[in-house]
Chemist: 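Here it is, the structure, as structure tokens.
Basis for what follows: all heavy atoms, side chains included, without hydrogens, waters or symmetry-related copies.
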Amino acid sequence: MKKTLYIVLLAIIASLTMTSCHSSEKNYREAYEKAMERRKTGIGAETYAKIEAERQRYTHVINGDSVRMVYMNANVAIDSTDVPKPYNVIVATFTQRINAKSYRDRLREECGFAGSYVLFGGPDKLYYVVLEGYDDRESAAAMLRDLDKKVAMKILEPLPWILCKL
């Protein structure tokens with residue numbers, strides 16, 4: 001009798017386990033879209049569009065190229081041995097340190113950019129993945145111009161830009 005009861009209980013537990021909810025890409029996408037909608041709450045679509053346009057606006061012309069340069073204070077976030085340069089080509093931004101470190105490591109290993117590092121700071125307190133740092137803005141602008149030819153990975157920043165350290 002007890003043996004039969006245990007078998008029935010195990011069968012019920014197994015069936016519940018098999019039919020329980022599982023995460024899927026669709027669930028994650030829906031959660032992401034809800035989060036993005038909450039982010040926009042309180043401002044109109046027109047205002048949000050203006051904010052995004054200003055965030056991605058080209059601010060300087062260097063050697064005939066329009067580039068977005070942002071001046072901000074940021075410090076090396078992950079490896080204290082990395083020395084930041086005054087002009088940094090930003091290819092990704094993250095809110096979590098582990099994601100920034102992972103992307104930086106992929107740039108180093110898969111693309112051969114041994115000089116990649118991560119900066120932390122700015123008004124939003126984000127982690128900025130630097131493809132390479134430069135001592136002059138002309139070299140940084142040249143890297144931006146040829147970025148798609150030099151980097152085999154997908155660049156996560158829609159419009160890569162230059163972070164100028166204060």
Side-chain angles (χ1 to χ4, degrees), residues 17 20-60 67-135 137 139-166:
T17 304
S20 64
C21 297
H22 296 286
S23 297
S24 67
E25 184 178 345
K26 181 183 174 194
N27 293 346
Y28 285 116
R29 173 53 95 190
E30 289 173 0
Y32 174 77
E33 288 172 357
K34 286 179 185 176
M36 293 307 292
E37 286 302 316
R38 269 188 263 130
R39 187 180 200 184
K40 296 178 191 177
T41 304
I43 60 173
E46 183 178 324
T47 306
Y48 184 77
K50 286 180 182 179
I51 291 170
E52 282 299 306
E54 182 63 28
R55 190 178 71 82
Q56 296 180 359
R57 181 175 68 87
Y58 294 118
T59 56
H60 290 75
V67 271
R68 182 171 159 243
M69 293 177 69
V70 177
Y71 293 87
M72 71 173 69
N73 191 14
N75 298 314
V76 174
I78 295 175
D79 293 330
S80 60
T81 57
D82 293 328
V83 178
K85 302 279 185 158
Y87 299 95
N88 303 282
V89 176
I90 305 297
V91 292
T93 55
F94 295 97
T95 56
Q96 294 183 346
R97 178 184 175 128
I98 189 74
N99 294 339
K101 182 182 183 301
S102 174
Y103 193 81
R104 183 222 41 200
D105 292 344
R106 285 185 59 210
L107 284 172
R108 287 180 174 179
E109 294 166 9
E110 295 176 20
C111 298
F113 287 99
S116 295
Y117 51 92
V118 177
L119 296 174
F120 177 76
D124 297 332
K125 301 295 183 200
L126 294 173
Y127 292 94
Y128 301 96
V129 180
V130 177
L131 181 68
E132 283 195 351
Y134 297 95
D135 291 321
R137 65 188 198 157
S139 299
M143 173 54 95
L144 277 180
R145 181 180 42 236
D146 299 330
L147 198 60
D148 55 343
K149 297 174 188 167
K150 295 181 180 179
V151 181
M153 284 176 41
K154 179 182 178 187
I155 302 297
L156 297 180
E157 193 69 24
L159 295 170
W161 50 283
I162 299 171
L163 184 148
C164 306
K165 278 188 53 66
L166 294 177

Chemist: Between M69 and Y87, which heavy-atom pair has the shortest distance, and what is it?
Modeler: CE-CE2, 3.7 Å
Chemist: Work out which heavy atom in L131 is nearest to a heavy atom in M143; give both atom names and the distance.
Modeler: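 Smallest interatomic distance, heavy atoms only, reads CD2-SD, 4.0 Å.
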Chemist: What is the minimum heavy-atom distance between Y134 and A140, and which atoms define it?
Modeler: CD1-CA, 3.6 Å
Chemist: Work out which heavy atom in V67 is nearest to a heavy atom in L144; give both atom names and the distance.
Modeler: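 Looking at all heavy atoms of both residues, the shortest contact is CG1-CD1, 3.4 Å.
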Chemist: Distance from R104 atom CZ to E109 atom CD, nearest 0.5 Å?
Modeler: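 R104 CZ to E109 CD: 9.5 Å, rounded to 0.5 Å.
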Chemist: How long is the gap from CD1 on I90 to CD1 on I162, to the nearest 0.5 Å?
Modeler: 9.5 Å
Chemist: Any chance you could measure M153, atom CE, to E110, atom CD, to the nearest 0.5 Å?
Modeler: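 Between atom CE of M153 and atom CD of E110 there are 5.5 Å.
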Chemist: Would you find a donor on one side and an acceptor on the other, under 3.5 Å apart, between the side chain of R97 and the backbone of Y127?
Modeler: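 No; judged by distance alone, with no hydrogens or angles, the pair does not exist.
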Chemist: Which heavy-atom pair separates R145 from D148 by the least distance, and what is that distance?
Modeler: O-OD1, 4.1 Å
Chemist: In the structure I gave you, are the side-chain heavy atoms of Y117 and P84 within less than 4.5 Å of one another anywhere?
Modeler: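 Yes, close enough: below the 4.5 Å cut-off.
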Chemist: Determine yes or no for a side-chain-to-main-chain donor-acceptor pair under 3.5 angstrom, with K165 supplying the side chain and K85 the backbone.
Modeler: no
Chemist: Would you mind reporting whether L107 and V91 have side-chain heavy atoms less than 4.5 Å apart?
Modeler: yes
Chemist: Of the non-hydrogen atoms in V129 and A100, which two are nearest, and what is the gap between them?
Modeler: CG2-O, 3.8 Å
Chemist: Please report the C-alpha distance between M72 and L163 in whole Å, then the side-chain angles of each, then the deciding distance to 0.1 Å, and finally whether the side-chain contact (heavy atoms from CB on, under 4.5 Å) criterion is met.
Modeler: CA-CA 7 Å; M72 71 173 69; L163 184 148; 3.6 Å; yes
Chemist: With side-chain contact (heavy atoms from CB on, under 4.5 Å) as the test, would you mind laying out the steps for L119 and V76 before giving the verdict?
Modeler: CA-CA 4 Å; L119 296 174; V76 174; 4.1 Å; yes
Chemist: Y128 pairs by ring-ring contact (aromatic ring centres under 6.0 Å, His included) with which of F94, Y103, W161?
Modeler: W161
